Every structure is written in structure tokens, then in C-alpha cells.
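The structure appears right after this line, and notes come after that.
The model shown is predicted, which means the values in this text are computed figures rather than measured ones.
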Amino acid sequence: MEENVTPDPVLYVQSALLYTNSEGERRIRVNTYAGVTSQNFNDIINSVDVQATTSMLSQIALEHSLKTNLAEGRNRLQSACQQIVQASNMAPQAENLQFLPLYI
């Protein structure tokens, strides 16, 4: 193995699903995702999609509400938003996450 290898700034994730279709044929479905990585916190925070984050947090809170009660789900959603906004305050140029609670 070479000592002077620079890390690739892309993270690859691959998954495979083996399934049988309605005609009895066995098939493999392979999905590959390539995501750019960064060691710069500001780049990571600025690349967050607020609408996707809202959707994901709402789904998690809904599942939690169904398992416990509505108040617990609401509290989990509010605390997650609060934690995200506090973390984004560390990056002064991250304006997109400052308005996350307005989407909820």
C-alpha cells in the first residue's frame, strides 16, 4: 500500500437487493450513491436541504407520536429543531437552517 495516498473527497455507498419478480425470476437490484465529503463545517451546514430536513424530522416525530403520544412527538420535533439551529449558529454564514423552525 502506498504511503502518499490522498483521501478521495467522495464517499461511495452501495446496496444490493435480491428479489424474485412475479414470473419467478431472481434479480439483483444494485443502487450506488456517491456523495462529496468535506472537512469544512461551513460547507456541510450550507449544503443542508431545509425542506428535506423538515420532511425527515416530521416523519421521525410522527412515528414517535404513534408509538407514544402526540405530546412526545411534538417535543422530539421541537428539540431536534432546537439542536440543529444551535449547531448551525457555529457557522455564521449558515442562513438556510436559521429558518428551520418556521417550516415546522
Count I, L, V, M, F, W, Y as connected when their side-chain heavy atoms are under 4.5 Å apart, and connections chain through other members. Are [X] and [Y] then in the same cluster?
{"X": "Val50", "Y": "Ile45", "value": "yes"}
{"X": "Ile60", "Y": "Leu62", "value": "no"}
{"X": "Leu57", "Y": "Val48", "value": "yes"}
{"X": "Val30", "Y": "Leu18", "value": "yes"}

Report task. Answer yes or no: is there a side-chain heavy-atom contact under 4.5 Å between Thr20 and Glu25? Result ->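 No, every pair of side-chain atoms sits at 4.5 Å or beyond.
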Report task. Answer whether the closest heavy-atom distance between the side chains of Asn31 and Gln14 falls below 4.5 Å. Result ->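 Answer no - side chains too far apart.
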Requested in this report: Provide the closest heavy-atom pair for Leu77 versus Ala61 in the form atom of the first, atom of the second, distance.
Outcome: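 Closest heavy-atom pair between Leu77 and Ala61: CB-CB, 3.8 Å.
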Query - Distance-minimising heavy-atom pair for Arg74 and Ser65 - result: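 For Arg74 versus Ser65, the nearest heavy atoms are N-OG, 4.4 Å.
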If you measure from [atom1] on [X] to [atom2] on [Y], what distance do you get to the nearest 0.5 Å?
{"X": "Leu66", "Y": "Asn69", "atom1": "CG", "atom2": "CG", "value": "11.0 Å"}
{"X": "Arg29", "Y": "Asn21", "atom1": "CZ", "atom2": "CG", "value": "10.0 Å"}
{"X": "Gln86", "Y": "Ser79", "atom1": "CD", "atom2": "OG", "value": "10.0 Å"}
{"X": "Gln78", "Y": "Arg76", "atom1": "CD", "atom2": "CZ", "value": "13.5 Å"}
{"X": "Cys81", "Y": "Leu100", "atom1": "SG", "atom2": "CG", "value": "4.0 Å"}

Query - Tyr19/Arg26 under side chain to side chain donor-acceptor pair (under 3.5 Å): CA gap, chis, key distance, verdict - result: CA-CA 6 Å; Tyr19 70 98; Arg26 295 184 74 170; over 6 Å; no
**Report entry** Ser38 side chain to Asp43 backbone, donor-acceptor under 3.5 Å
**Finding:**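 No: the side chain of Ser38 does not pair with the backbone of Asp43.
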Query raised in the report: With no hydrogens and no angle check, is any side-chain donor or acceptor of Thr53 less than 3.5 Å from a backbone partner on Asp49?
Result: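 Pair found, side chain donor or acceptor close to backbone of Asp49.
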Requested in this report: Please check if atom CD in Gln39 has more than 12 non-hydrogen atoms from other residues, nucleotides or ligands closer than 6.0 Å.
Outcome: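 Not more than 12 within 6.0 Å, no.
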